Amino acid sequence: MEGSDEPLLDAKDKVTNQLVDFQWKLGMAVSSDSCRSLKYPYVAVMLKVADHSGQIKIKSFEMTIPQFQNFYRQFKEIAAIMETV
């Protein structure tokens, strides 16, 4: 990435985390304390990831529908590349 201070992952580097489980659900925000009517859909995602020692950590986050669609497209691209290896 241009302008990023993060080191790039070299092909020789070992990936030490493993995706154990991926769950998602579609939700609809209908109201909040500050808004009477929101009515926007979102996707709630929960990932279970095992680190190098086998300890499982849960990461959860929410995405808008367009963000989730982009996320899904990227996973499909990764899967297609992995099938060629």
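Quantities reported herein were computed from a predicted structural model and do not represent experimental measurements. Along the sequence shown, the residues carry numbers beginning at 1.
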Closest contact, heavy atoms only, Leu19 versus Asp21: CD1-O, 3.5 Å
Are Val20 and Ile58 connected in a single hydrophobic cluster, I mean Ile/Leu/Val/Met/Phe/Trp/Tyr linked by side-chain heavy atoms less than 4.5 Å apart? no
Given the rule that I, L, V, M, F, W and Y join up when any side-chain heavy atoms are under 4.5 Å apart, are Met63 and Ile65 in one cluster? yes
Looking at residues at least two apart in the chain, or sitting in another chain, which of them share a side chain to side chain contact (heavy atoms under 4.5 Å, CB included) with Asp51? Asn17, Ser53, Gln55, Lys57
Can you give each donor-acceptor pair under 3.5 Å made by side-chain atoms of residues 66-85, sequence neighbours left out, with the distance rounded to 0.1 Å?
{"unit_1": "Gln67", "atom_1": "OE1", "unit_2": "Thr64", "atom_2": "N", "d": "2.8"}
{"unit_1": "Gln67", "atom_1": "OE1", "unit_2": "Thr64", "atom_2": "OG1", "d": "3.3"}
{"unit_1": "Thr84", "atom_1": "OG1", "unit_2": "Ile81", "atom_2": "O", "d": "2.6"}

NZ/Lys48 to CD/Gln23 distance, rounded to the nearest 0.5 angstrom? 6.0 Å
Is there a chain of hydrophobic side chains (I, L, V, M, F, W, Y, each step under 4.5 Å between heavy atoms) that links Val49 to Phe22? yes
To the nearest 0.5 Å, how far apart are CZ in Phe61 and CE in Met46? 11.0 Å
